[in-house]
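Below is one structure; the comments refer to it alone.
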There are 2 protein chains.
Amino acid sequence: MMRSVPIGEAARQSGVKVPTIRYYEHIGLLPAPNRTEGNRRHYETSDLRRLAFIRHSRELGFDIEAIRTLLTLQDNPSQPCATADTIAQARLADVVQRIRSLTALKAELELMVEGCRRGKVGECRVIEVLADHSQCEHARH
Amino acid sequence: MMRSVPIGEAARQSGVKVPTIRYYEHIGLLPAPNRTEGNRRHYETSDLRRLAFIRHSRELGFDIEAIRTLLTLQDNPSQPCATADTIAQARLADVVQRIRSLTALKAELELMVEGCRRGKVGECRVIEVLADHSQCEHARH
DNA sequence: CTTGCTCCTCTAGTCGCTAGAGAATGTAGC
DNA sequence: GCTACATTCTCTAGCGACTAGAGGAGCAAG
């Protein structure tokens, strides 16, 4: 079995693009891997796991600083996990809030689009509503 | 009645911050207003209306290029409004998609947070799930 | 006349990448 | 070996939509 892989293969396996991997190294999120004689990075299984962790975290919308903290926690398994829990809860609260405001937005946009009679711009409800906020149903935004 | 207001007052009335107003002028979204003798911008009612239009559009998540197009349309009311309708519909589709993926995300995060027993990091479900994507319910993301 | 606010221009920073230049290294076929 | 091509390297600059800060000028009230 392969003991280590070059960056392109690491990208393929992790789903993180090559320049992004280098970027993560640059900002200190991923440790600098060993190099071959020809100065090329090669990644061990542990690096690939870390990369997968980062990718999954990014997919869940955690920002880099949060991921940095989560990775540090992962490296110290005997610590209490209150911090991890707090970070995840904050992210959850943010997602819930976003869903709320996007749902309000959706209602607004549906009204606009339904109201459009496909005529001239002068009578277009889309433009009209944009120009006059008070025509919105709920002024939640 | 006030014929024109300085930038701070325009910011107050429109809810757009002072540097952002200057930024909009810089990128050509807002026409450069007249200046006082002391070189200060002063805004007419029409400028304030345009600013309100921009702000509302941004709140609804339209990007600057879309707003540029919408503003041009507003300036030409006799044109057909198909373009405006298309832009709004694209935005709506985007919002719907975002709500979908955020809702999947929410489920994921709830599982993580609920699974956390507030113990040590080594047994924390938050960290565990982040490290192993296959533990996710639906691999929609 | 001084205090304190608003305003001016300009540059640089934010976040999380992404794109591109220009060079070196590695691999496969001949 | 030689050539062609892919992959990798470093470095810098750009994206969107602002935001922050420096350093200075204008202006209104006490």
Between C:dT9, D:dT8, D:dT10, which nucleotide gets closest to the side-chain atoms of A:Asn39? D:dT10
Nucleotide of C:dT9, D:dT10, C:dT18 approaching A:Pro19 most closely (side-chain heavy atoms): C:dT18
May I have the step-by-step check of salt bridge (charged side-chain N to carboxylate O under 4.0 Å, His left out) for B:Arg68 and B:Glu65, ending in yes or no? CA-CA 5 Å; B:Arg68 213 185 281 280; B:Glu65 279 323 295; 3.1 Å; yes
Closer to the 5' end of DNA chain C via nearest nucleotide, is it A:Gly38 or B:His42? B:His42
What contact category does A:Phe62 fall into here, base, sugar-phosphate, or nothing, at under 4.0 angstrom with non-hydrogen atoms? nothing
Using only modelled atom types and a 3.5 angstrom limit, is any donor from either the side chain of A:Arg41 or the base of D:dT8 paired with an acceptor on the other? no
What I want to check is whether an N or O donor and acceptor connect the side chain of B:Arg22 with the base of C:dT9 at under 3.5 Å. no
For the residue pair B:His42 and B:Pro33, what are the closest heavy atoms and their distance? O-CB, 3.5 Å
Check whether any side-chain nitrogen or oxygen of A:Tyr23 sits under 4.0 Å from OP1 or OP2 of C:dC15, and answer yes or no. no
Starting at CG of A:Asp63 and ending at P of C:dT14, how long is that distance when rounded to a whole Å? 14 Å
Does A:Arg22 pair with A:Glu25 as a salt bridge, N-O distance under 4.0 Å? no
How many Å lie between CD on B:Glu37 and P on C:dC8, as a whole number? 15 Å
Phosphate contact (D:dA6 OP1 or OP2) by A:Arg40 side-chain N/O below 4.0 Å: no
Starting at atom CD1 of B:Ile7, determine the distance to atom C1' of C:dC7, rounded to an integer number of angstrom. 8 Å
Do B:Glu123 and B:Lys120 sit within salt-bridge range, that is, some charged N less than 4.0 Å from a carboxylate O? no
Without decimals, in angstroms, what is the distance between B:Glu25 CD and C:dT9 C1'? 12 Å
With respect to the phosphate group of C:dG16, does any side-chain polar atom (N or O) of A:Thr20 fall under 4.0 Å of OP1 or OP2? no
Touch check for B:Arg58, heavy atoms < 4.0 angstrom, all strands: base, sugar-phosphate only, or nothing? sugar-phosphate
Under 4.0 Å from OP1 or OP2 of C:dC17: is there any side-chain N or O of A:Tyr24 that close? yes
Is it true that a side-chain atom of A:Arg91 and a backbone atom of A:Leu60 form a donor plus acceptor pair closer than 3.5 Å? yes
Would you mind reading off the distance between A:Glu59 atom CD and C:dC17 atom P, rounded to a whole angstrom? 11 Å
Distance check: side-chain N/O of A:Thr36 vs OP1/OP2 of C:dT25, anything under 4.0 Å? no
Phosphate OP1/OP2 of C:dC17: any A:Lys17 side-chain N/O under 4.0 Å: no
Could you check how far CD of B:Glu65 sits from C1' of D:dC15, rounded to whole Å? 12 Å
Do the side chains of A:Asp47 and A:Arg50 get close enough for a salt bridge, i.e. N-O under 4.0 angstrom? no
note: A:Ile27, atom CD1; C:dC15, atom C1'; distance rounded to Å ~ 10 Å
How close or far is atom P of C:dT9 from atom NE2 of B:His26, stated in whole angstroms? 11 Å
